[in-house]
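Each remark here refers to the structure printed beneath this line.
All values below come from the heavy atoms of this structure, side chains included, with hydrogens, waters and symmetry mates left out.
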Amino acid sequence: MPEPTKKDEMSNGEKESVATDSSEAPMPTPEISLEVSPPPAEQPVETEGKDPQPIEVLKPVQPEPVENGSKEPEPEAVVVGAKEQVESVNSEVKEEAPSPCSPPPPATVKEEAEPVVTEVNQPPEPVVTVVTPPPPPPPPEPVVTEVTQPPEPVVTVVTPPPPPPPEPVVTVQVTPPPPPADKDDDGTTNTPSPPPPPEDANTVKKLSIELPMWSLGEGQAPEDLDKPVDTPPLSSLLIERPQGGSITVGGDISFVAKVEAQDLLRKPTIKWFKGKWMDLASKTGKHLQLKETFDRRTKIHTFEMHIIKAKDNYAGNYRCEVTYKDKFDSCSFDLEVKELEQSQSVDIRSAFKRSSEGHEDAGDLDFSGLLKHRNQREPKQDETPEVDVWEILKSARPDQYEKIAFEYGITDLRGLLKRLKKTKKEEKKSEAFAKKLDPAYQVDKGGKIRLVVDLADPTVELKWYKNGQEIRPTPNQRKFIFEQKGTQRILVINNCGLNDDAAYSVAAGEEKCTTELFVKELPVKITKEIEAVKTTVNERIELECEVSEEGAQVKWCKNGVEVPTGPRSRYRVKSEGLKHWLIIDDASKEDTGTFSLMASGGTSEAKVQVELKPLKIIQDLQDMTVLLGQPLKMHCEIFPGNVPGRWYRNGQLIQSNDRINILQRAKNHRLEIVNSTIHDAGDYTFVPEGYTQSLCAKVHIVDPPRVHLESLNFPDNTVTIVAGNKLRVEIPISGEPAPRVVWMKGERVILDSGHRVRAETFSDYTSLTIDIAEKEDTGNYKIVLQNEAGEAGASIKVKVVDIPDPPEVPLVTEVGGDWCSMTWEPPIYDGGSPILGYFIERKKKQSSRWMRLNFDLNKETTFEPKKMIEGVPYEVRVFAVNAIGVSKPSEPSKAFVPLAVTSEPTMLVVDDVTDTTVTMKWRPPETIGAAGLDGYLVEYCIEGTDDWRVTNKELTEKTKYTITGLPPEAKILVRVRAINAAGASTPRTLQHSILVKEVIEPPKIRIPRHLKQTYTRKVGEAVNLVIPFMGKPRPKVSWLKEGQTVDPTQVTIRNTDCDSIIFIRKAERKHSGKYDMKVEVENHVDTAIIDIQIVDLPGPPQCVKIDEVWGGNVALDWTPPKDNGNAAITGYTIQKADKKTMEWYTCIEHYHRTCITITELVVGNEYFFRIYSENMVGLSEGATQTKDSALIVKEGMQLKNPEYIDHDFKEPPKFTQPLINTFAIAGYNATLNCSVRANPRPKVIWMKNKIAIIDDPRYRMFSNQGVCTLEIRKPSPYDGGMYSCKAINDLGDALVECKLEVKGGFTFSELMQRGVPLHLIDKYMSETKVVEQPEK
C-alpha cells in the first residue's frame, strides 16, 4: 500500500501527481481550503532563537477486518505526545475492504504550528473539525499531521497557536465534490497538487487538501502508479450516457442520454428510474420533466431529464434503460443534493455536552448534526480547551475518568468512555522494522539531515521514496547518500532546500514506514524602506526596497491587497540582488494608496499619491446626421490621456451593450452604435471623470422610405389569385415623413379612383385591390415611394390562374394484342398554374360511351391503355388537370385496332458446329396470339459488330436451321424472330458467341451401371450389350478379349457414332472373360473393361461316403463337385431312400457345408443317401449316391448323451466383405455393398468424409442378413469422396472404407445446348481431364 504522500512543488516547477490507491475509478475529491488569519501587524510574532516544541502526531490504528454483511468499522485514532524528541511511530496506513468501496490513502497537511490533535468518529457526511490549542511560550514550528481517510471523508485540521492576544481567526472552506463519474467508467485519476503560496508569518495562508471519496482494493505499489487502466468498451446503444451530478437544494440539473439511430428502424424505448423500481414517467410535473428530440442530420435520439428546484429527498441513485427489439442497454448515475454550507469553528469538548444543555445533536459525536447546525452555535472563547484531555485520560486510572470529565466540563461520560475504549487499541507490531522512521523531521534550509531505520531482518531489500517516487543513487551527485551500519539503513540528504520539503517513505519487503521532512527557511528582513511618491497621471512610478537575502520571496501589496503581476497587469515587479522594485509605467488616479512590501521578517510601507493634469480638448465632438440603420460613430480627443469618462444622451447615462460600444485608447474616446435607430437621435455629452468640463454634440437620425415586402411571406413576391375572385394586397411601408406612394403596371399609373383595379395608401401601409380578377391582370406591379429623405421602390407579381386549355390530339404510336402506346402534347395555355397530370379516356369506335382509364393523375405525356379486345377499333382522348381544375377534353385520336405479335422464341441453343456451318434449334413462342405464326427469321452478326444479316430469305416453319457459308474460326452471335401479321416478335438472342470451328471432343465411355460389375448370363441365353460413348469427330472403337482380338464368328460387334453393341446369339461358357473396349479420337483415348460371365449347372459332388452310424443318426461327408458351372457353389441338397422302396425324400436343401448328420432315422431300416450340388443356375443334373447303405440297428444299451456347454454366439462386429473402391457415372445410381457379422445385431452408420449421412434424400440405406447397402441416387462429381461404414454393438465396433469417384458429367454438345459460355465449357472439360488422367 503506498505511503501517504505530501504534495509539493518540484524544483523544476512541475507539480507532482500522486495516483489514487485504487484499482477502480475513484470518486471526485472534495477540495477543502483552510485560511488562517495572522495576528495584527502591531504584535509580530518572534520566531528566532527559539527551540522547537514537541510534536504531537495523529497515529492511525489498523482497523479490524470486516466480513461481508457485517457493519462497517468505525475509524479509530490514538494521540501520541512527544516531549524532547518525536517518538517513533508506525505511520504506515493500511486499508481494509469491508465493502466494494474502501477509503483511499490519507491526505497529508502541513501547517506551521504546534498542533493539538483530536480524532473524531466517522459521521455519514464530510466533517471538518478545527481545534485551537492554548498558546505555549515558545514560538511554533511546522508540523505534519496525517489524517486517515475513513469510508466517508473526515479531515482534522490543526491551526498554529498564535500569541495570546489576539486570538487567530480560522476559516475552513469546503468545496463540494464534482459529480461522480459513471460506474461503467473505470480508471485511475491523477490529481496534481496546487503550487503552495509563499509562506510568511504575516500573510494569510491558504491550504488545499484533496481527499478522494472512494477507493477499491488493497492499493498498488509505487512502481505501479503509472500503469494504464483498461477502459471497457462503450455500450451497444448509448453513445452518450447521463453523468452523475451534485446540486444544492433548490437548484436545477439536467441529465442527457443519446442513442445513435443509424441502424434502427424506429425510435428506441427509454425509461428513467429512481432507485430500483420507481418509474419516473408517472412522476413528471413541476419538478420533473422528460424531453425527447431527434436530429435528422446526425440521426441521433436525445433524451433529457430535467430536475427543477431540487429537494433533499431527490438525492439518490438513478437509472436510464434503453430498449430496441432484442437489444438492451442501461446506465446508472447518482444525484447529490446539498445544503448551502457555512464555515464555523466547533469545540470538540462541546460535542460531549448532553442535549439537556441545549444542543439537540450533542452526545456521541454526530458530525452530520454539527455540520447542519454549526451556524447556530458559536463557541465562546473561554470554552477553548487549554489542555489535552485525551492524554490525561489515557494515563489515568478508570476510577478517575468521572472526576476528570467533571473537572473539564464533559457531561456525556458514556460517549467519552466509548470513544476512549476505541482509542486504547494496541497497534500491530512491525515484522520488518525494529525501529521505524520518526513521524516528522525538521532541518534548516541548506542544512543536512539523516533519516535512520533499524531493520529486523538485514537481508531485506530496502527502497527509499520521495513523494511516491523511488530515490536512486547517482554517481556524480552527492544530494542523496545511502549508508549502512549493521541493521541500520541511513538516508543522508545534503544541502536541503525547499524542494526537499516532502513526504519520504522506506519500503522493506511488503511493509513501509513514512515520515515528513520540513525545511525551515530563515526570515527575510527589510534593510531599506520604501519611499513615498507624489506624481501626476500618466507618469512612471518606481518603488524600491532592499531586503537582507538575495532571491528572497516577497509580496507587493496595495492597501493590504496583493497587486497582480501577470502578463496583462499594469504592475511590473523586478529584482536584482537584494533590491526589489515595483514599477507602474502609466500611473492613474486609482494608483493612489498605500503600497507595501511584505517579507517573512517584516513589512515596509509607503504612500503613493497621483493627481490629475489640467484638461485640454484637442478635438471636440461634431454634430452628425446619420441614416437609420447605419452605424453611428462619435469621436473626441482630450489631454491628458488615459482619463476615463462617461457618455450621456439627453441627460441619460449610456451603458455599453451588444449594440453600443464605448472605447478609449489613450487620448481618444469613441462611442460606436452598430445599427442606429430613431431613438438614438438627441444631444450627446462626454464628461471626463474628475473634471467639470464636458463635450457636447447633436445627432439627427434620418429614415428614408422603405417597402416591407418580406412581411407578406409570398414566394418570390408573387400573389396568385383564381380568375373571378377578388384580390386585395396590403404592403407595409415606413419612412419619416410619410412617403408619397405611386402604383404602376408597366407605364400605366393605378389611381385610387379606379373601379375594378385601384390603389389606396394609409399611414403605415398601401394596398392594391382587384375586384374581379381576369387573365389580363397577370403581370408585374411596381410601387414607388418618395419623401424628403429619399426614394424607394419595389415590385410584386400578380398571377391569375384558371383551368388549362385542352391538350393536343393524342397519337397512337404502337399497338399490341390488348394494349396500345399513346402520346400527346401539353396544352398551349396551362391556366397560369403548372399542369399536375392528365386523365385518359377510351371508347369503341361504334360506341358513344367513354370510359376513364386512370383515376390517379398521369404525370407524363405518354400512356398505355390495356385490357382491350383484339381486333376491335378504339379511340382515345385526354384531359389536362392543374390546381384549379380539369380542362375540356382533347379531340379523339384516329381509330386503331389492337393486334399482337407473338412472344419471342424459346430455348435457343446450338445443335452442331462445323468449320463453315452452325446449326441452331429453338422452340415455338409461348404466346402466339390471334394473328397466328407465319414462320421464323434467323439472323447472325460477327461478334463486336451490329451488322445483323438475315440467313433465310424466306421464312422457315421448322424450329431448326443451319447457317451456312460462315468464315472459319469466326465468332458469331445468333438471334431468331417469330413473324406474324402483326410483325416481328422480340428477337431471342444467344447469350454467348459461337466459334465457327469443329471442336474436338475427347472420347468418353459411359458404362451403364449394370455393366460396372460382372455381367452374368446362363448358357444358351442371348447377350446384347450397348455401351454408349462420346467424342467428336466420330471415334474409332476396338475390342479385345483377354488381350486377343475378338473372334467375329463368336461375338458380333456393331459400332455407331455414339455407342458400341456386343451381341452373342447363344452364349456358351467359352464366351466368358474380360472384354477391353478402346475409343480413340485422334490422340485422345478412353478405355473400359466389361466382365462377362456365362454360367451353367454344376456337376454332382464327389466321393459321398458314410462316416459313422449310431443310434438313429448317420454322419455323411463329401467333396465339392469338380465342375462348378463357372459359378460359385451356393449349397447342397441331401436326399435319403429306404432300401426296401428306394423312394427318395429330401432331408435338407441349400446346405452350405460338406458334412452333415442325418437324424431321426427309423430303427431297423437300411438307408441310401445322395447329394445334389447347387449354384446360381440351379441344381446339378445328376446326384452322387453313397456306395454303402446305413443300417439302423436297435441296441440294448441306451446312449448317454454327453453334456455340452452352450456356445456363446456373441461376438463384436466384423466385416466379412469389405467395401471396395468404386467408379460411378454421373447421373446413374451407384451402390456400395459390404457384409458384417455380429451378435447382437449391430447398428450400422454410413459416413461420407467422416461425416454421418442422416436424413439425406439422395441416399438410401439397406441392411438384410448382414449385407449392408448404400445407394447413391444420380451422383454428381461432387458426390465423390471417402465413404465408410461403421457397425457398433455392445461388444465393440468395426469400420471399413472405400473411395468413390464419379466420372463423366455433361458432354460438350450438352453444355452448348444448355447455353453455357465457351470459356466455362473449356474450364469444365480441362478439369474433367485432370481428374481422369490419374485414374488411368
Side-chain angles (χ1 to χ4, degrees), residues 1001-1015 1026-1031 1058-1059 1077 1079 1084 1086-1091 1215 1217-1236 1242-1264 1267-1288 1293-1317 1320-1336:
E1001 182 179 349
K1004 182 66 178 177
I1005 301 175
R1006 305 293 297 273
I1007 301 177
R1009 181 179 59 181
H1010 66 283
L1011 296 180
K1012 293 179 183 179
Q1013 299 175 356
T1014 302
Y1015 182 76
V1026 180
I1027 297 92
F1029 56 83
M1030 299 182 301
C1058 59
D1059 57 23
M1077 179 182 180
V1079 181
H1084 302 279
D1086 191 13
T1087 60
I1089 298 175
I1090 307 298
D1091 189 4
F1215 283 94
Q1217 178 63 35
L1219 293 173
I1220 60 174
N1221 295 337
T1222 307
F1223 295 93
I1225 302 299
Y1228 294 89
N1229 292 356
T1231 58
L1232 302 177
N1233 299 285
C1234 63
S1235 61
V1236 64
K1243 178 181 178 182
V1244 179
I1245 301 174
W1246 287 92
M1247 293 178 288
K1248 177 187 176 184
N1249 296 331
K1250 298 184 179 180
I1251 298 177
I1253 300 173
I1254 301 174
D1255 297 335
D1256 194 331
R1258 295 182 301 160
Y1259 299 93
R1260 293 176 60 190
M1261 288 168 278
F1262 308 95
S1263 180
N1264 185 17
V1267 178
C1268 304
T1269 303
L1270 173 66
E1271 180 181 357
I1272 307 171
R1273 297 182 176 181
K1274 296 182 180 180
S1276 65
Y1278 301 103
D1279 290 323
M1282 293 298 298
Y1283 285 81
S1284 56
C1285 180
K1286 187 175 184 179
I1288 305 173
D1293 55 31
L1295 178 71
V1296 291
E1297 295 181 338
C1298 73
K1299 182 178 181 182
L1300 174 65
E1301 296 185 10
V1302 181
K1303 295 183 179 181
F1306 297 104
T1307 64
F1308 180 84
S1309 299
E1310 291 176 345
L1311 294 175
M1312 291 290 290
Q1313 291 176 1
R1314 292 175 177 265
V1316 180
L1320 296 179
I1321 296 176
D1322 295 339
K1323 181 179 179 181
Y1324 174 77
M1325 299 302 293
S1326 61
E1327 291 177 354
T1328 305
K1329 294 177 184 178
V1330 172
V1331 174
E1332 294 173 355
Q1333 287 175 0
E1335 298 173 358
K1336 296 178 180 179

Are the side chain of [X] and the backbone N or O of [Y] linked by a donor-acceptor pair below 3.5 Å?
| X | Y | answer |
| --- | --- | --- |
| N1221 | K1299 | yes |
| S1235 | Q1217 | yes |
| N1249 | M1282 | yes |

Over all atoms of both residues, closest heavy-atom pair of [X] and [Y]:
| X | Y | answer |
| --- | --- | --- |
| D1091 | T1014 | OD2-OG1, 3.1 Å |
| A1224 | P1275 | CB-CG, 4.3 Å |
| V1296 | C1234 | CG2-SG, 4.5 Å |
| L1219 | N1233 | CD2-O, 3.3 Å |
| F1029 | D1059 | CE2-C, 3.1 Å |
| V1236 | C1268 | CG1-SG, 4.0 Å |

Is any side-chain heavy atom of [X] closer than 4.5 Å to a side-chain heavy atom of [Y]?
| X | Y | result |
| --- | --- | --- |
| Y1283 | T1222 | no |
| F1262 | T1231 | no |
| I1005 | M1077 | yes |

### Message
Taking the basic N atoms (NZ, or NE/NH1/NH2) and the acidic carboxylate oxygens, is any pair closer than 4.0 Å for D1256 and K1248?
### Response
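Looking at D1256 and K1248, the cut-off is not met.
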### Query
Taking M1247 as the fixed residue, which of L1295, I1254, I1253, L1270 is the one that meets the side-chain contact (heavy atoms from CB on, under 4.5 Å) rule?
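Looking at L1295, I1254, I1253, L1270, the match for M1247 under the side-chain contact (heavy atoms from CB on, under 4.5 Å) is L1295.
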Other residues, nucleotides, ligands: >12 heavy atoms within 6.0 Å of [X] [atom1]:
| X | atom1 | result |
| --- | --- | --- |
| K1286 | NZ | no |
| Q1013 | CD | no |
| Y1015 | OH | yes |

### Task
Please test I1007 against F1223 for side-chain contact (heavy atoms from CB on, under 4.5 Å), starting from the C-alpha separation and ending with a verdict.
CA-CA 10 Å; I1007 301 177; F1223 295 93; over 6 Å; no
### Summary
Test side-chain hydrogen bond (donor to acceptor under 3.5 Å, both in side chains), reference N1229, set E1271, R1273, K1274, output is E1271
